Amino acid sequence: MGSQAKDDFEYALKSNESWANYKSHQNPGLFEKLANGQSPKILWIGCSDSRVPETTILGLHPGDVFVHRNVANIISPTDINSQAVIEYAVVHLKVSHIVICGHSACGGCGAALSEARVGGVIDAWIAPLKALRKANAEELDAITDDKKRAIKLAEINVKSGVDALLSTYFIEEAVRERGLKVHGCVYDVACGRMTDLKCGNAGKKGVAGVKGEEEEKKVVKGNHGMLVFGGDGASISIR
């Protein structure tokens, strides 16, 4: 077991060297630029699940996305870790978009739907998911397929997180003063695609800080891809 773990780590180190060489060849100034600072346009709040690596699935580069990930992408006002990341991204980095992304086959959602205890601190961490399950019991219990029920809970959790963000004073201020957009999405691990749940403030008429349709479209460019946010959701174009 120890030898296999070492082999996995050694492989990762060699893979990192190959990746760094490739990126340097592809974009010679990338790492030098990153060493001088960051100016990401997106704050990504996602799950810690290894199958949902934000920069990879968005087709973007290091420096393009500021990130916070935790089990089941839970937004908790008492979690100083996530709140520090969100405040820094919004107030100091002045990101243009916040994306909360849940995903299919989420272990946290599966645990919240189960009556069994996971054990340790995880049970305490997913308590907000358990509360969402109880609050939406009628809708969730009507879904007979376990996988679809977990996806629905993931969607409900994302929408709850979006509502929590939009009720945060410095985010309200950023929405009002510079048009910050908050998006809720779900990623399907079976096909690699994101779905915009359209539960944030982007594209909504009459919301402070939100402009008309022509001004609404925002393009976040990476060094080999771009993520386009508009009234119809998000799309990714790889160059």
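Because the structure is predicted, anything quoted here is derived from the model rather than measured. As a basis for the values below, the full set of heavy atoms in this structure was taken, side chains included, without hydrogen atoms, waters or symmetry mates. For reference, positions follow the sequence shown, starting with 1.
By the 6.0 Å contact criterion, NZ on Lys94 is enclosed, its count of non-hydrogen atoms from other residues, nucleotides or ligands being greater than 12. When the shell of 6.0 Å around NE2 of His25 is examined, it contains 12 or fewer heavy atoms from other residues, nucleotides or ligands. Within 6.0 Å of CG on Leu93 lie more than 12 heavy atoms contributed by other residues, nucleotides or ligands. Within 6.0 Å of the CG atom in Leu13, the count of heavy atoms belonging to other residues, nucleotides or ligands exceeds 12. Counting heavy-atom neighbours within 6.0 Å of Arg193 CZ, excluding the residue itself, gives a total of 12 or less.
Ile151 and Leu153 sit in two unconnected hydrophobic clusters of ILVMFWY residues. Membership requires side-chain heavy atoms under 4.5 Å apart, directly or through other members. In terms of hydrophobic clustering, with Ile, Leu, Val, Met, Phe, Trp and Tyr side chains grouped at heavy-atom distances under 4.5 Å, Leu129 and Ile100 are assigned to different clusters. Residues Val52 and Trp125 do not share a hydrophobic cluster, clusters being chains of Ile/Leu/Val/Met/Phe/Trp/Tyr side chains in contact below 4.5 Å. Linking ILVMFWY side-chain heavy atoms closer than 4.5 Å, directly or via other members, places Ile126 and Val186 in two distinct hydrophobic clusters. Criterion: ILVMFWY side-chain heavy atoms under 4.5 Å apart, direct or through other members. Under it, Val95 and Val158 are part of a common hydrophobic cluster.
Between the side chain of Arg69 and the backbone N or O of Gly46 there is no donor-acceptor pair closer than 3.5 Å. For Lys130 (side chain) and Ser114 (main-chain N/O), a donor-acceptor pair under 3.5 Å exists by modelled atom type. Of the possible polar contacts, none joining the Ser15 side chain to the Tyr11 backbone as a donor-acceptor pair under 3.5 Å is found. With hydrogens and angles disregarded, a donor-acceptor distance shorter than 3.5 Å links the side chain of Asn136 to the backbone of Leu132.
Between Cys106 atom SG and Asn73 atom CG the span is 6.5 Å, to the nearest 0.5 Å. A distance of 10.0 Å separates OG in Ser82 from CD1 in Ile74, rounded to the nearest 0.5 Å. Atom NE2 of His61 and atom OG1 of Thr56 lie 11.0 Å apart (nearest 0.5 Å). Considering NZ of Lys41 and CG of Leu60, their distance stands at 13.0 Å, rounded to 0.5 Å. Note that SG of Cys101 and CE of Met194 are 4.5 Å apart. Values are rounded to the nearest 0.5 Å. To the nearest 0.5 Å, atom CD1 of residue Ile45 and atom CD1 of residue Ile86 are 4.0 Å apart.
We find that Arg178 and Glu173 are not joined by a salt bridge, their nearest charged nitrogen and carboxylate oxygen being 4.0 Å or further apart. Salt-bridge formation is detected for the pair Lys152/Glu155: a Lys NZ or Arg NE/NH1/NH2 atom is positioned less than 4.0 Å from an Asp or Glu carboxylate oxygen. A salt bridge links Glu115 with Arg133: at least one charged nitrogen is closer than 4.0 Å to a carboxylate oxygen. Classification of Arg117 and Asp123 as a salt-bridged pair holds, one side-chain N sitting under 4.0 Å from a carboxylate O. We find that Lys147 and Asp145 are not joined by a salt bridge, their nearest charged nitrogen and carboxylate oxygen being 4.0 Å or further apart.
In this structure, Asp49 and Arg51 approach most closely via the heavy-atom pair OD2-NH2, 2.7 Å. Across all non-hydrogen atoms, the minimal contact from Gly108 to Ala72 is CA-CB, 4.2 Å. Counting all heavy atoms, side chain and backbone alike, Val90 lies closest to Ala174 at CG1-CB, 3.8 Å. Taking both residues in full, the closest heavy atoms of Ser104 and Asp188 are given as OG-OD1, 3.4 Å, listed atom of the first, atom of the second, then distance.
With no hydrogens or angles considered, no side-chain donor-acceptor pair links Asn21 and Ser18 at under 3.5 Å.
Proximity of Asp146 to Lys148: side-chain heavy atoms (C-beta onward) are nowhere separated by under 4.5 Å. Within the 4.5 Å cutoff, the side chain of Leu34 has heavy atoms near those of the Pro62 side chain. Inter-residue side-chain proximity for Pro40 and Val65 is flagged as unmet; no heavy-atom pair is nearer than 4.5 Å. Looking at heavy atoms from C-beta onward, Asp79 lies in side-chain contact with His68 at the 4.5 angstrom threshold. A 4.5 Å side-chain heavy-atom check between Ile75 and Asp163 finds every atom pair outside the cut-off. The side-chain heavy atoms of Leu43 and Val85, taken from C-beta on, include a pair separated by under 4.5 Å.
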Let's go through Leu140 and Ile156 carefully: what are the C-alpha distance in whole Å and the side-chain angles of both, what is the deciding distance for side-chain contact (heavy atoms from CB on, under 4.5 Å) to 0.1 Å, and is it a yes or a no? CA-CA 10 Å; Leu140 291 168; Ile156 292 171; 4.2 Å; yes
Let me see the working for His183 and Ile98 under side-chain contact (heavy atoms from CB on, under 4.5 Å), right down to the final yes or no. CA-CA 6 Å; His183 311 264; Ile98 301 177; over 6 Å; no
Given Leu166 and Asn201, is the side-chain contact (heavy atoms from CB on, under 4.5 Å) satisfied, shown in steps? CA-CA 8 Å; Leu166 290 173; Asn201 66 329; 4.2 Å; yes
When you look at Lys181 and Val99, which way does the side-chain contact (heavy atoms from CB on, under 4.5 Å) test go after all the steps? CA-CA 9 Å; Lys181 304 297 185 295; Val99 178; over 6 Å; no
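In this structure, the ring of Trp44 has its center no less than 6.0 angstrom from the ring center of Tyr187.
The aromatic rings of Tyr88 and Phe66 lie tilted to each other, with the angle between the two planes from 30° to 60°.
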